[in-house]
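Notes follow once the structure below has been shown.
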Amino acid sequence: MNKIIEITDFSAPELDVYARLTEVQLLNREYPEKGLFIAESPKVIERALDARYKPVSCLMEKGHIEGEGKQILERIKDVPVYCAEFDVLTQLTGFKLTRGMLCAMKRKPLPDAREICENKKRIVILDKVMNPTNVGAIIRSAAALGMDAVLLTPGCSDPLYRRAARVSMGTVFQIDWTFLRDESFDEIKALGFKTVAMALKDDSLSIADPRLTDENKLAVIMGTEGDGLSEQTIADCDFTVKIPMYHGVDSLNVAAASAVAFYQLGKKQSGVCKK
């Protein structure tokens, strides 16, 4: 049976994780084994539980105890559940809860890139993508459109940040991902991947070029918002690829561009999506 605790004291230390700790503090770089993240909404929490992340506590609207959150509560009977009315929770957290439910969970140790890439054919590399909304949206597209894994350079936003995980609709728990040790892609090339820089260059290949889908192993590299990939990164890649634009539009948001790129480059030579 769940231990339901109604919130009466906003200053209770048990609520720090929801109301007062920043994403960086939750990450806990000094002691990563103690790191936490916040999963928001029943769908995201459910997918995190399916991926065997361990819950620490839950914060939810009273009305969801017998509503959308009921199925989740049946799966986390050994953790405390803090509850209050909608207005109280909004005052406590500073934002409106999506579907009225948050869950604090323990992080897992991240695998290394070599482990992630084993037996993979199509991977994504995010280079300094700092907006958590874009990271979440890209991961959702990667999971849905034929990519096998996502790698992130150290300058990227963490996929387990609350907004990133929510925007991904929990697909961050359904596709393999990890952080690279540095911004070099030499390790990825050594694993047999041909690297594809997504960039708006006049001498780029069209994204529909059959030479791309003919490659057995591709690593699609997406750059930061605004500046895109550096000239050095583009020069170091095997291919530079762009999405054709019309009506004078010069570019797409990186998340929108990722969906187009993954749909096309996730195909095999036969033209059929590999998954």
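Quick note: numbers below take in every heavy atom, side chains included, and nothing from hydrogens, waters or symmetry partners. Positions are given from 1, in the same order as the sequence printed here.
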Checklist entry - In a check of side-chain contact (heavy atoms from CB on, under 4.5 Å) between Cys237 and each of Leu229, Val196, Ile221, which one passes? => result Ile221
Checklist entry - Roughly how far, to the nearest 0.5 Å, is CD1 of Ile207 from OH of Tyr263? => result 11.5 Å
Next on the checklist: Run Ser57 and Tyr18 through side-chain hydrogen bond (donor to acceptor under 3.5 Å, both in side chains) and show every step you take.
Outcome noted: CA-CA 10 Å; Ser57 66; Tyr18 301 107; 2.8 Å; yes
Checklist entry - Can you tell me how far the CG atom of Leu26 sits from the CZ atom of Arg29, to the nearest 0.5 Å? => result 12.0 Å
Next on the checklist: Quick test of your reading of the model: are Glu183 and Lys128 salt-bridged, counting only N-O distances below 4.0 Å?
Outcome noted: yes
Checklist outcome for this item: Residue set satisfying side-chain contact (heavy atoms from CB on, under 4.5 Å) with Gln71, at least two apart, ordered chain then number -> Glu46
Next on the checklist: Looking at Glu23 and Arg163, is there a salt bridge between them, counting it only when a charged N and a carboxylate O are closer than 4.0 Å?
Outcome noted: no
Checklist entry - What residues form a side-chain contact (heavy atoms from CB on, under 4.5 Å) with Pro111, not counting sequence neighbours? => result Glu115, Ile116, Thr178
Checklist outcome for this item: Rounding to 0.5 Å, atoms CG (Leu191) and CG (Asp186) come to a distance of 11.0 Å
Next on the checklist: Could you work out, with side-chain contact (heavy atoms from CB on, under 4.5 Å) as the rule, every residue matching Arg52, not counting sequence neighbours?
Outcome noted: Lys108
Checklist entry - Hey, any chance Leu145 and Val135 share a hydrophobic cluster, counting ILVMFWY side chains that come within less than 4.5 Å of each other, even indirectly? => result yes
Between side-chain atoms of residues 238-251 and protein atoms elsewhere (two or more places apart, or another chain), which donor-acceptor pairs fall under 3.5 Å?
from, atom 1, to, atom 2, distance (Å)
Asp238, OD2, Thr195, N, 2.8
Asp238, OD2, Thr195, OG1, 3.1

Next on the checklist: Any non-hydrogen side-chain atom of Ile175 less than 4.5 Å from a side-chain atom of Ile139?
Outcome noted: yes
Checklist entry - Are Phe262 and Leu151 in one and the same hydrophobic cluster, where Ile, Leu, Val, Met, Phe, Trp and Tyr link if side-chain heavy atoms are under 4.5 Å apart? => result no
Checklist entry - ring pair (Phe, Tyr, Trp, His ring centres under 6.0 Å) with Phe173: which residues, sequence neighbours excluded? => result Phe37, Tyr53
Next on the checklist: For a 4.5 angstrom cut-off between non-hydrogen side-chain atoms, does Leu212 reach Leu205?
Outcome noted: yes
Checklist entry - For Ala165, what residues pass the side-chain contact (heavy atoms from CB on, under 4.5 Å) criterion, not counting sequence neighbours? => result Val44, Val172
Checklist entry - Is there side-chain contact between Cys58 and Ile76, with heavy atoms separated by less than 4.5 Å? => result yes
